[in-house]
Amino acid sequence: QACAVDIALPGVLPVFNRAAAEKAVKFGLAIGARINRKSVFERKNYFYPDLPKGYQTTQLELPIVAEGGTLQIQVGPSTGSGQAYEKTVRITRAHLEEDAGKSLHEDFHGMTGIDLNRAGTPLIEIVTEPDLRSGAEAVAYAKKLHSLVRWIGICDGNMQEGSFRCDANVSVRPMGVETLGTRCEIKNLNSFKFMEKAIDYEVRRQIEVLEDGGRIVQETRLYDPDRDETRSMRSKEEANDYRYFPDPDLLPLVVDEAFLDRARAALPELPQAMRERFVSDYVLPAYDADILTVSRELAAYFEDTAKALGGEAKLVANWIMGDLSAQLNKDGLEIAASPIAASQLAGLLKRIGDGTISGKIAKEVFAAMWAGEGD
């Protein structure tokens, strides 16, 4: 089932995937970045068991999404102060490249299996400026990014299947020092929980090494969730070790104005704009608006409920973020699978508003509604 290019059969040539360009441009527009009208593909050469042809098609000098993009993240409430805060994360670039294969170590009893089914699949690699200062901030950014790529329909966001994964570059520096420290890269973090744990561990490890008089070596590390630690995988190569050169088989990618216009027209209302509208139109706190715009489905559920109720947006937000979300999490359901429709929740909240039932009784009625006993 693997592609003839990816298993390095002689004479085969790559073909560019137009849909990949459309998705990359949609992402660039969604974060307010500059789209390079001409981008170029390079070969990144390195030996790895799951890369039989010996190179990866990528972009280096002229990526499709250039600088200028940002994401607003909401962090907290933080454990120390209990206060949530906002932060702007600058996006350096997003480039198109092909996925590699996957090495499988668990099931082969002393051998390694190579899975090439996902090799050659197009992806965008998104790189930030060093604006994040903790594991909590990194998770807030990753969740915001995860929400955005699902929101605009360019990725299903499935972390277990590898559709969305993160590498974290971690460095430390003494207070007041401007120069960034030597970084270590933690590869293939596929859950938000492990990302925060891995970064926090790596920060502690690097501080201990430096305070003991040692020095940090630039390297690639893996996170072991069973031991809650990172460990060295390989020394980190510099870019010149990859011998990048323009791919001789792929022409430059040219994006014209009509292509950009089609991508803009295909974008839904973006989460940041919707979040600001929730704050202004529904008078919600920024933190509530941020949670309610985690997904388009959740945002739509909130708006449908608030409109059916005819007001009391804060009450609606409290019930959705509280009882409804708790029950969804308990049953492992997405909002689209909620047994209680938006109109039914609005009906329940009306009974609280007109004094028919108390908030305490409403919780009992909510449980009965969830169990399928009617509205």
Side-chain angles (χ1 to χ4, degrees), residues 73-79 82 84 136 139-140 142-151 155-161 163-164 190-196 268 271 274-275 277-279 281-375:
I73 63 171
Q74 191 87 8
V75 188
S78 62
T79 50
V139 168
K143 285 183 175 179
K144 194 64 175 276
L145 188 63
H146 184 259
S147 169
L148 178 64
V149 296
R150 293 179 67 210
W151 189 289
C155 177
D156 65 15
N158 191 315
M159 298 181 78
Q160 282 67 45
E161 293 178 2
S163 304
F164 183 94
N190 67 350
S191 87
F192 300 127
K193 177 183 173 184
F194 291 159
M195 178 190 297
E196 186 165 8
M274 187 177 281
R275 178 172 168 265
R277 182 166 63 79
F278 280 11
V279 171
D281 292 4
Y282 295 105
V283 201
L284 289 178
Y287 185 71
D288 290 14
D290 201 55
I291 290 174
L292 292 169
T293 52
V294 161
S295 74
R296 284 169 71 182
E297 296 80 10
L298 185 63
Y301 189 99
F302 163 76
E303 285 214 273
D304 290 346
T305 308
K307 286 173 182 173
L309 184 59
E312 296 286 342
K314 178 58 178 166
L315 177 65
V316 174
N318 288 346
W319 271 81
I320 289 176
M321 296 188 302
D323 293 69
L324 183 69
S325 291
Q327 196 64 55
L328 288 169
N329 289 337
K330 182 180 177 184
D331 292 357
L333 297 175
E334 296 289 331
I335 186 70
S338 170
I340 299 177
S343 58
Q344 291 177 307
L345 181 61
L348 174 64
L349 300 185
K350 277 179 184 173
R351 300 288 73 80
I352 301 174
D354 62 21
T356 305
I357 57 174
S358 66
K360 182 180 178 183
I361 295 296
K363 290 181 182 293
E364 296 176 19
V365 176
F366 177 87
M369 290 167 66
W370 191 272
E373 295 178 23
D375 62 16

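Computed from heavy atoms alone, side chains included, the values below leave out hydrogens, waters and symmetry copies.
- Across all their heavy atoms, Thr293 and Ser147 have their closest contact at O-OG, 3.7 Å.
- Minimum interatomic distance between Ala346 and Leu309 (heavy atoms only, all atoms of both residues): O-CD1, 3.6 Å.
- Contact annotation: the side chain of His146 approaches that of Phe192 to within less than 4.5 Å [non-hydrogen atoms, C-beta and beyond].
- Atom CG of Leu345 and atom CG of Leu315 lie 8.5 Å apart (nearest 0.5 Å).
- Between the CZ atom in Phe366 and the CD1 atom in Ile340 there is a gap of 4.0 Å [rounded to 0.5 Å].
- For Lys314, the salt bridge (Lys or Arg N to Asp or Glu O under 4.0 Å) partners at least two apart in sequence or on another chain are Asp288.
- Residue pairs that meet the side chain to side chain donor-acceptor pair (under 3.5 Å) test with at least one member in residues 362-375, sequence neighbours left out, are Asp323-Lys363, Asp331-Trp370.
- The two residues Leu292 and Leu284 make their nearest non-hydrogen contact at CD1-CD1, 3.7 Å.
- Taking all atoms of both residues into account, the shortest heavy-atom contact from Thr305 to Ala342 is OG1-CB, 3.3 Å.
- Remark: Glu303 engages Arg277, Phe278, Tyr282, Lys307 in a side chain to side chain contact (heavy atoms under 4.5 Å, CB included) (not counting sequence neighbours).
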request  = Run the numbers on Ser338 and Leu328 for side chain to side chain contact (heavy atoms under 4.5 Å, CB included), then give the verdict.
outcome  = CA-CA 7 Å; Ser338 170; Leu328 288 169; 4.1 Å; yes
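- A 4.5 Å side-chain heavy-atom check between Thr356 and Ile361 finds every atom pair outside the cut-off.
- To the nearest 0.5 Å, atom CZ of residue Arg150 and atom CG of residue Asn158 are 9.5 Å apart.
- Note: Lys350 NZ to Glu312 CD = 12.0 Å, rounded to the nearest 0.5 Å.
- Contact between Ser358 and Ile352 at its shortest, heavy atoms only, is O-CG1, 4.5 Å.
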key: Steps toward side chain to side chain contact (heavy atoms under 4.5 Å, CB included) verdict (Ile291, Ile320)   = CA-CA 10 Å; Ile291 290 174; Ile320 289 176; over 6 Å; no
query = So Trp151 and Met274, side chain to side chain contact (heavy atoms under 4.5 Å, CB included) or not? Walk me through it.
reply = CA-CA 12 Å; Trp151 189 289; Met274 187 177 281; 3.5 Å; yes
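- Considering CG of Asn318 and OG of Ser325, their distance stands at 11.0 Å, rounded to 0.5 Å.
- Between Tyr301 and Leu324, the shortest heavy-atom distance links the atoms CE2-CD2, 3.5 Å.
- Taking 4.5 Å as the limit, some side-chain heavy atom of Gln344 sits within range of a side-chain heavy atom of Met369.
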